[in-house]
Amino acid sequence: DNAGLGIVIARKQVDYVRPIRFRAKPYDVWSWVSHVGRRSVTVESEICDVDTLLSRAKVVMVFFDPHTQRSAEPPAALMDRLREFEALDA
């Protein structure tokens, strides 16, 4: 049973390549699913100013059962859907 299944951030890595200054004009932010495991998903992101890379990030999220305090496999339908997004990055 996956009722109550949550997600935790297991790892977050951010590289600041250039300064990101506060301004009214929005920056471009791109995110994609780069890896889908049995119990986790990795999302990568970039912040750009037109063609100039300002920052990149990688976040590993793990599905988590709060009752057992352990990682858990989410429903197959959810993982299949995440794999569709992973395939777009290939």
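The side chain to side chain contact (heavy atoms under 4.5 Å, CB included) test applied to Lys12 returns Ile9, Val14, Val59, not counting sequence neighbours. In this structure, Asp15 has no salt bridge (Lys or Arg N to Asp or Glu O under 4.0 Å) partners at least two apart in sequence or on a different chain. Take Arg18 and apply the side chain to side chain donor-acceptor pair (under 3.5 Å) test, not counting sequence neighbours, and it matches no residue. Looking at residues two or more places apart in sequence or on another chain, you find a side chain to side chain contact (heavy atoms under 4.5 Å, CB included) between Val17 and Leu53, Arg56. Legend: residues meeting side chain to side chain donor-acceptor pair (under 3.5 Å) with Gln13, ordered by chain and number and at least two apart, are Arg11. The salt bridge (Lys or Arg N to Asp or Glu O under 4.0 Å) search around Asp51 returns none, not counting sequence neighbours. Scanning for side chain to side chain contact (heavy atoms under 4.5 Å, CB included) contacts around Arg21 gives Pro19, Tyr27, with sequence neighbours left out. The side chain to side chain contact (heavy atoms under 4.5 Å, CB included) test applied to Arg70 returns Thr68, not counting sequence neighbours. In this structure Thr52 satisfies the side chain to side chain donor-acceptor pair (under 3.5 Å) test with no other residue, sequence neighbours excluded. For Asp49, the side chain to side chain donor-acceptor pair (under 3.5 Å) partners two or more places apart in sequence, or in a different chain, are Arg23.
Interatomic distance, Ser71 OG to Ile7 CD1, rounded to the nearest 0.5 Å: 12.0 Å. Here the CZ atom belonging to Arg39 is positioned 9.5 Å from the CG atom belonging to Asp65, to the nearest 0.5 angstrom. Asp80 CG to Arg83 CZ: the interatomic distance, rounded to the nearest 0.5 Å, is 6.0 Å. Gln69 contributes atom CD, which lies 4.0 Å from atom CZ of Phe64 (distance to the nearest 0.5 angstrom). Within the model, atoms NZ of Lys58 and OG of Ser45 stand 11.5 Å from one another, a figure rounded to the nearest 0.5 Å. With rounding to the nearest 0.5 angstrom, the OG atom of Ser40 is 10.5 Å from the CD atom of Glu73.
Within the 4.5 Å cutoff, the side chain of Ile47 has heavy atoms near those of the Ile20 side chain.
Cluster annotation: Val8 is not connected to Val41 through the hydrophobic network of ILVMFWY side chains, with a link wherever side-chain heavy atoms come within less than 4.5 Å. In the hydrophobic clustering of ILVMFWY residues, with side-chain heavy atoms under 4.5 Å counting as a link, Val60 and Phe63 come out apart. A chain of hydrophobic side-chain contacts below 4.5 Å, direct or via other Ile, Leu, Val, Met, Phe, Trp or Tyr residues, connects Met61 to Leu5.
Residues Gly37 and Met79 approach most closely at O-CE, 2.9 Å, considering heavy atoms. The heavy-atom pair separating Gly4 from Pro66 by the smallest distance is O-CD, 3.2 Å.
Residue His35 forms a side-chain contact (heavy atoms from CB on, under 4.5 Å) with just one option from Thr42, Leu82, Val43, and that option is Thr42.
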